[in-house]
Every structure is written in structure tokens, then in C-alpha cells.
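Predicted, not measured: the structure shown is a model, and the values here were computed from it. Order of listing sets the numbers, starting from 1, for every ligand and every atom in it. The basis for the numbers below is simple: all heavy atoms, side chains too, and nothing from hydrogens, waters or symmetry mates.
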Amino acid sequence: MASLVVLVFVHLLTCEVLSVSRPRCDRCDQTSCNCSWKQLQQVPTTTSKLTTVLNLSFNWITSILHDDFLGYSSLRSLIISNNRINMIDREAFSPLKNLENLDLSENDLDTLSAEWFRHLPSLQSLNILGNRYQSLSQDSLFQPLKNLKKLHFGGPLLQSVRKGDFSGLGCLEELVFDGRNLQKYDKGSLRVIEAISHATLGLNDPFQKNLQLVEDILSDAVQPNTTLTFTDTELFKNYQMSPVELAFNRGIRTFSFNNCNLSVEVCFKLLDLMSDSEISTFMIEDTKVMLLSETQLVIPNNQKHLEVVSFKNVEVTPFHVFPALIFLQPSLNKLRRISVLDSKVFAIPCGTADFISLEYLDLSQNMLFDLTFKEMMCDGDGGVFLNLKTINISKNHLETIDSELFTGLRKLENIDMSGNSFNDMPDTCQWPPALRYLNLSSAHLTQVTSCLPESLQILDLSNNSLTVFNLKMPSLTDLYISGNKIGSFPHGGLFPHLTFMSIQNNGLQTFSHDSLDEYKMLDILEAGANTYVCSCDFVAFMNNDLTNRVKIRDEFKSYICESPDAVRGEVVTEVRLSVFECHTALAFSLLCFSILVVVLVIVGLCYKFNVVWYMTMTWAWIRAKRRPVITKGELKYDAFVSYSEMDAGWVEAHLIPELEESEPPLSLCLHKRDFAPGGWILDNIMEAIEQSHKTVFILSQHFIKSEWCKYELDYTHFRMLDHNDDTVVLVLLEPIDKNTIPKRFCKLRKVMNSRTYLEWPDDDNHIPRFWQSLRAAIAKPMTVGDMSFDTTSVNSVSLY
Ligand SMILES: *[C@@H]1O[C@H](CO)[C@@H](O)[C@H](O)[C@H]1NC(C)=O
Ligand SMILES: *[C@@H]1O[C@H](CO)[C@@H](O)[C@H](O)[C@H]1NC(C)=O
Ligand SMILES: *[C@@H]1O[C@H](CO)[C@@H](O)[C@H](O)[C@H]1NC(C)=O
Ligand SMILES: *[C@@H]1O[C@H](CO)[C@@H](O)[C@H](O)[C@H]1NC(C)=O
Ligand SMILES: *[C@@H]1O[C@H](CO)[C@@H](O)[C@H](O)[C@H]1NC(C)=O
Ligand SMILES: *[C@@H]1O[C@H](CO)[C@@H](O)[C@H](O)[C@H]1NC(C)=O
Ligand SMILES: *[C@@H]1O[C@H](CO)[C@@H](O)[C@H](O)[C@H]1NC(C)=O
């Protein structure tokens, strides 16, 4: 009893630990999770119930438990290939009612169980390739999979296929059967499948050892409509072609080799068999063709039905001993389409074959160069490819655009010359009249010329170094000029029929209504990845008007601002610009206006509070402070007389004679007489005042109006503020209303109010007394230091 409890406890604990340690798949977008290459040892939990695709390939998962997929009810596609799965719980897939695609390939499953599939009614595609099972192990394994369309099964360890293995399967679109080491095949096993559209068979070992087995499989799997592919097989001997012959005899029309090794001998045998068959399409891909020995080659008969030949990445070794193919000529005159891609073709002699029916020729990714291409085109003798509609010579080593090689091809409509290094194009060219598609992308072109024909409807010039595109193209509907260095939209009037333009990844800085309006028919535009300057107009245009005008087919998030710096790297439609950036002119006007207002206010305030006056005074006063100290005894004058020019008559007639010429004579300083000529008037005044014991102001209406007198008054006033001295003598020539004295001479007004001043009497009898008083005022003895400037006490001047 106790041990049972412990067991249960341990079980609970491990369950707990397991569910706690279950990893999460965090590399998900809305519906699909890619958790491959994560070293997961367990199926991770999901973050979203809506996950429809879960890719767990290339992990370390060993077993799949019954609750692993509980959260994945929406899953449509589950990829657990390339793990180490050796155990799957019979109920593991039961939550996956909607699963359509299950990939269990490259794991370690050694037995398969129909139980797994019981709950997968929607499954359409099942891949169990590359596991460790030796047989499908159970009758009716696929019975529950009523909707299966694609089945990939087999692997290196698969030994036997038995009757009943495939029962229940209806029509398959695709069967991939890896029976590379298959030993035993029960005749009729595959026949239960009603029809197989594409059968891909890897039967290398049976092909070497047991041709009967291959034949049995082919006779079951192949119907006339089946596309048959042999893969991962080496075929070197003619006799190995007997199963192929059987398939041909069953009437198949499409046949291919993929990733095989073939001998030249086998190829010729194949061509021979093909000439008597219904084969119309023959393809070889990723295959080596080898010349093994000097065998007598069977010259094949003419191909009756062969129309499409496609070789891709076919290596011929050693190519220099390879027999010339000139004898193939008669057998190729029914061909409509030839593709020889990526197969190191560097020359096809003129007249190798009479390609009279050829409509499509694709020689891309080869090694043709100017000389050999010219040879192949028989120097432009149009008789060879009379019916050619499309030629693809992209990614070769051509360096010259030689339109005359095509001129004679009256039916030629499409030329793809992309991926060659042309560098430039001739000024004029002679293209076939029907040409409507020309691909010159990745061709190192730096400019275009009128070599380009006006008949073109589709023109691809992407990934070159063009800076402008300005040719008239009246028929053009599709223009590709992405990946160049174009700085502005081409002039739309040049392409009246353009409906599509791709101009991504250029140097465009902006575009607008105006640039688009010229394009009368433009419907779809791709213009991302340019160096956009995100002005307000452009941002507004992108946000509001653009989509009314054209459809943007590339993603809006590829429209990125390159400048201004503040928004560099931001998506144009998400940029928010400030008012200042958007209405620069208005903002600047406002700014200038407010600066003007502030300046005016300051000027007004200065005027109102006489700031200029105070500043002039402060300046004069500071200069005065810097002058050497003058002691009382050194003073030159008894009085400086400040008067208005209008009052000069009175001064000269009365004052001077009275004071200077009578006893004792007083020395007066008069600006007219004693000022040093040329000096700054303010300096002169200051000096005069400082060199005099007293300053006599001859006050009159004129005085108050006089500029110079104002200075004198100003300075004296200033000094009074500073020294508080009483060296001022006021003489009133005529009555003055005190209120007419400017306000800033507050102290003067105070002085006038507080002090008696001398008035020039109207009555002549009082004149002697006036002079007496004046003399007394000027000659009044002073206390020591009264007149000397005290340089140590530079007071800050209180303005009021
Ligand atoms: C899934 O992720 C792997 C690893 O990061 C990556 O290499 C692979 O390209 C991705 N596959 C797909 C289909 O996105
Ligand atoms: C799953 O992931 C592998 C590895 O990243 C990748 O090669 C494969 O294409 C993916 N399969 C699907 C269906 O996305
Ligand atoms: C083969 O395909 C054609 C049409 O592609 C169809 O009419 C014909 O019935 C098919 N034959 C078989 C045996 O499936
Ligand atoms: C083809 O030959 C090469 C060696 O030339 C070999 O590595 C390769 O495995 C062979 N392919 C097949 C399918 O046997
Ligand atoms: C020409 O071949 C290239 C490379 O194989 C291919 O990308 C292109 O689509 C082909 N052009 C035409 C017009 O078929
Ligand atoms: C032009 O050729 C390139 C490279 O072969 C190809 O990718 C592109 O799709 C072609 N352009 C058009 C418009 O077909
Ligand atoms: C652009 O052209 C260069 C060669 O001119 C080539 O290497 C490159 O792959 C091309 N890029 C694209 C996106 O076609």
C-alpha cells in the first residue's frame, strides 16, 4: 500500500516536473511558429490558440506524448522532421482535428501505427520518409486518411512493400517513394491507389539488382497521366532502361531525372526509346552525365512528340571528349521550349539544329559570351529561330548589347538579358518589331539611350547605376527602375500608358501630387527604401492623398525618413512633425514680429525711464572717477558758468564785466572762451565743472531747451547725486515754471524748491544788490574736500 502511494506520488511529481519544464515556443507571429533549431527535447507549449503552423524541425525531440498538442487545436501544419522521435502516443494527434500537413520525416520511428492517423480526418499531406521502419508494418495504415493527396514514404531501411499497405488511398497528387534498398515488392500493392499524378521514385538498388521489382512498381504506379521522376539513381547500362521502356509504353508524357548519375550511353538509349513514345516533356535536374567508355552510340530516331526539354544544373564530364551533338539535329525540329539552365553551356554552333518550331529558349546562368552567342544566333540570320517568342540569356558573360542578332526574329516578343555586364548601350539599335518585354536588370548600365525600342510594354532596368530615366516610351505599361541612383520621378508625360512602376531603393527625396499627376494611367506604385526628406507636405501627402491616387504595393513600413535628423529612420506615415516644422514661414514671421515687439517695448521703456541718459552719465562719471584727484588749491576757476547761447548777450554784457573786471576779480570759465577745441563736449563740461569751485547756471527758457546746457545740468546733477555737495548757484534770468524742468532732474528741482536762487531783478535799483549776492554765493568759503572727488567711494548711482 505504502509503495503504491509513493509510486503515485513519484508519478505526480514527474508529471509536475515535466509540465513545469515544458519549453515555450516564442518565435511566433500571428499564426505561425518557427521553433526549429532550438535543441528542444519536448514539444513546446504554444502562446496562442490560433497557431496554424508549427515548425519543430531540427530539434532533439524523442517522444510525442498524449498531451503534447492539447493547446494546438487550430494547427493546420505540423513539421517535426529531423528529430529523434521513436515513440508517438496513439492519442498524441487527437487534438489536431484540422491538421492538413504532417511531416515526420528523418526521425527514428521503427514502427508505424494507424492509430496515430485515426484522428486526422483533414490530413492531406503526410511525410514519413527517412525513418527506421523496414515495412509499413500494418495493414491499412493509411486507411483513415480519406483526404490524403500527398504521401512521402520509405527510407534506407525499407525492405518490403506488401499488398494492403496502401489500401484506402484514393487519388494521389504526389507519391514520393524512397525504396533505395527495397528487397521485396508484392505485385499490385500500389495499384490500389486509383491515380497518381506525380510519382517520384528512388529505386537505386533495385535498378542495379532487381529490374523486375522496378518494373512491377512502375506497372502499378504509372498511368498515362502520371509525371514520372527517377531520383537518387545511377543508370549506366542500356539494359537498365527496360523499366523506363515499360513506363513509356504505358503512355506517359512527362518524364524526368532528378539528382541522378547517367552515362552518355543511357542518354542515347533514352532518346531512342523516347522517339517511339508519347513523351512530350523531358527534364533533367541536378544530374551528372558521364562518358564512361567508348561505346557505340545508338543514333536516335526523330522525336515525334517531344516539345519541351529542360535541363537544369546538368553537369557533363568530361565535357571536352563529349561527342558533338550535330547529329541530333533532325530529332529536335518539333521542340517548342528548350531550357538549359546553369549547365555551363558556353557555345552552341550555328546550325546545330533546325529550331524551326522553337518558341521559348532559356539559356540563363550559363557561360555564353559575345562571340559564342553571335555564333549561336548565326550572326543574326533570322532563319534559325523563325518562331522564337522568348529568349532568356540572363546571367551569362555577355558584354555587348547587339540588337542586330535579334532583328530578323519577327516573332520575338520577350528578351531577358539581365545579369550580364553590358556597362553601356549603343546609341541606336534595331530590335524586332514585336518586342514588348526587355529585361536589362543587373547589367551594370550607367545610362540609357534611344537604343531602347518604343514598342516596349515591360521594361526592367532595376539594379543598375542609372541616375535618370527620360526616354519616351509610348507603349510602356510596366517600368522597373528599382535599385538605381535616380533622384526624382521620371517625367510622367513620357509614359502615357504606364500602369505600374517600381522605383524602390533609389535616391528619391520626395514626391507629391505634381509628380504623380503627369502619370495618367498609373495604378500601382512601389517606391519604398528611398532617401526621403520628411517635409510636412510629403508626410501629409503620404498619409492622406497618396492612396487615393495609386495603390502602394510594397510595404508602407519601407518608406523611411532619411532626414531631417530628428525623424531619421522613422516610417514616413508614423512621423509627427511640429507646427514649427510645418509652417516655417509663418513661424518665422511670428518670431520676427515678436522680437520686433520686444525691441520696441525695450526702446519705449528706455525712453520712458531715460535709460540712455543714465548710461551716458554713468559712463562720463566713470571716466571722471579715473582722472587724477584734484585738490581744492589747484582749481583753476572760481566758477563755471553754464548758459544758453541765447543768453550770451546778457552774460557778456553784464556778468563778465561785473564779476571778472571788478575788484576782487573772479575767474570764470565760459565754454565759448575756455573750452579746449576738438574735445568731446561732455568731457569739456565735466572738466570745467571739476576745475571750478562753483557752477553757476543761468536759467532761462532758452537754457532749458539748449542741448549743451542740458549736459552741464545733467553732469552737475549727477555730481550732486554722488557728492551731495552744494556747489550750484542758480541764477534765474526770467521766471521759470518749475514744472517745465525735466523730471529726471529731480534733485535740481529739489534744489530749486529748497534753495533760494538769485533772480535777475526787473527793477534796476536792485541790480547792485543782485551782484553782491552772486559774488557772495560764488566766493563763499568752502569746507576742505568739498570739491575734490573722492575716488575711494565709488557709489553705485541710485537712479531715483
Ligand atoms: C526558422 O528559424 C530558423 C532558425 O532561426 C531559420 O534558420 C529558418 O530560416 C526559419 N525558417 C522559416 C521558414 O522562417
Ligand atoms: C521548417 O524549418 C526548417 C528549418 O528552419 C526549414 O528548412 C523549413 O523550410 C521549415 N518548413 C516550413 C514548412 O516552414
Ligand atoms: C488524364 O488527364 C486528362 C486531362 O488532363 C483526362 O481527361 C483523363 O481522363 C486523364 N486520364 C486518366 C486515366 O486519368
Ligand atoms: C553520383 O556520383 C557521385 C560521384 O561522382 C556520387 O557522389 C553520388 O553519390 C552519385 N549519385 C547517386 C545518386 O548515386
Ligand atoms: C530568365 O531566367 C532567369 C534566371 O533563370 C529567371 O529569373 C527569369 O525569370 C527568366 N526570364 C524569363 C522572361 O523567363
Ligand atoms: C528580370 O530579370 C530578373 C533576374 O533574372 C528577374 O528577377 C526579374 O523578375 C525580371 N523582371 C521581370 C519584370 O520579369
Ligand atoms: C544587383 O547587381 C549586382 C551586379 O550588378 C549583383 O551582384 C546583385 O546581386 C544584384 N542585386 C539584386 C538584388 O538583383
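- Of the inter-residue distances, the one linking Tyr532 atom OH with Thr510 atom OG1 reads 8.0 Å to the nearest 0.5 angstrom.
- Under a 4.0 Å criterion applied to the non-hydrogen atoms of Gln365, ligand 5 contributes the atoms 4 (C), 5 (O).
- Between Leu182 and the options Asp205, Asn210, Ile217, a side-chain contact (heavy atoms from CB on, under 4.5 Å) holds for only Ile217.
- Here Leu341 has side-chain heavy atoms under 4.0 Å from ligand 5, and that is the only part of it that gets that close.
- In this structure, Tyr519 and Phe489 have perpendicular ring planes: the angle between them is above 60°, well past the 30° mark.
- For atom 5 (O) of ligand 5, the closest heavy atom belonging to the protein is Ser364 OG, 3.0 Å.
- Here the heavy atom of the protein found nearest to atom 11 (N) of ligand 6 is Asp460 OD2, 2.6 Å.
- Short contacts between ligand 5 and Tyr360, defined as distances under 4.0 Å to a heavy atom of the residue, involve ligand atoms 14 (O).
- Phe385 and Phe355 have parallel rings, their planes meeting at less than 30° on a 0 to 90° scale where 60° marks the start of perpendicular.
- Using a 4.0 Å cut-off between charged nitrogen and carboxylate oxygen, Lys312 and Asp286 do not count as a salt-bridge pair.
- Atom numbering of ligand 4 starts at 1 in the shown order; those under 4.0 Å from a heavy atom of Asn259 are 13 (C).
- Thr400 and Asp370 are linked by a side-chain donor-acceptor pair at a separation below 3.5 angstrom, with hydrogens and angles left out of the test.
- Each of the following atoms of ligand 5 lies closer than 4.0 Å to a heavy atom of Ser394: 1 (C), 2 (O), 3 (C), 4 (C).
- Atom 2 (O) of ligand 6 has Asn439 ND2, 2.3 Å as its closest protein atom, hydrogens excluded (heavy atom only).
- The distance from ligand 4 to the heavy atoms of Thr233 drops below 4.0 Å at these ligand atoms: 13 (C).
- The protein non-hydrogen atom at the shortest distance from atom 12 (C) of ligand 5 is Asn392 ND2, 3.4 Å.
- Between Arg336 and Glu307, at least one side-chain N (NZ, or NE/NH1/NH2) sits under 4.0 Å from a carboxylate O, which counts as a salt bridge.
- Taking only nitrogen or oxygen atoms, main chain and side chain alike, Tyr437 does not reach within less than 3.5 Å of ligand 5.
- Using bins of under 30°, 30° to 60° and over 60° for the plane-to-plane angle, the ring pair Phe255/Phe248 lands in the perpendicular bin.
- Ring planes of Phe282 and Phe257: perpendicular class, angle over 60° (limits at 30 and 60°).
- Between Lys288 and ligand 4, an N or O atom pair is found at a separation short of 3.5 Å.
- Nearest protein heavy-atom neighbour of atom 7 (O) of ligand 5: Lys395 NZ, 4.8 Å.
- Contacts of Asn204 with ligand 4, taken as heavy-atom pairs under 4.0 Å, are absent altogether.
- Which of Met290, Arg180, Glu234 comes nearest to atom 14 (O) of ligand 4 through a heavy atom is settled by distance: it is Glu234.
- None of Glu234, Gln240, Lys237 except one satisfies the side chain to side chain donor-acceptor pair (under 3.5 Å) rule with Gln208; the exception is Gln240.
- Between Tyr185 and Phe177, the distance from one ring center to the other does not fall under 6.0 angstrom.
- Atom 3 (C) of ligand 4 has Asn261 ND2, 3.6 Å as its closest protein atom, hydrogens excluded (heavy atom only).
- Looking at atom 13 (C) of ligand 6, its nearest protein heavy atom turns out to be Tyr480 CE1, 3.3 Å.
- Per-residue contacts place Ser441 under 4.0 angstrom from the following atoms of ligand 6 (heavy atoms of the residue considered): 1 (C), 2 (O), 3 (C).
- The presence of a protein heavy atom under 4.0 Å from atom 9 (O) of ligand 6 is ruled out.
- Nearest protein heavy-atom neighbour of atom 4 (C) of ligand 6: Ser418 OG, 3.5 Å.
- A salt bridge links Glu526 with Arg553; the closest basic N to acidic carboxylate O contact falls under 4.0 Å.
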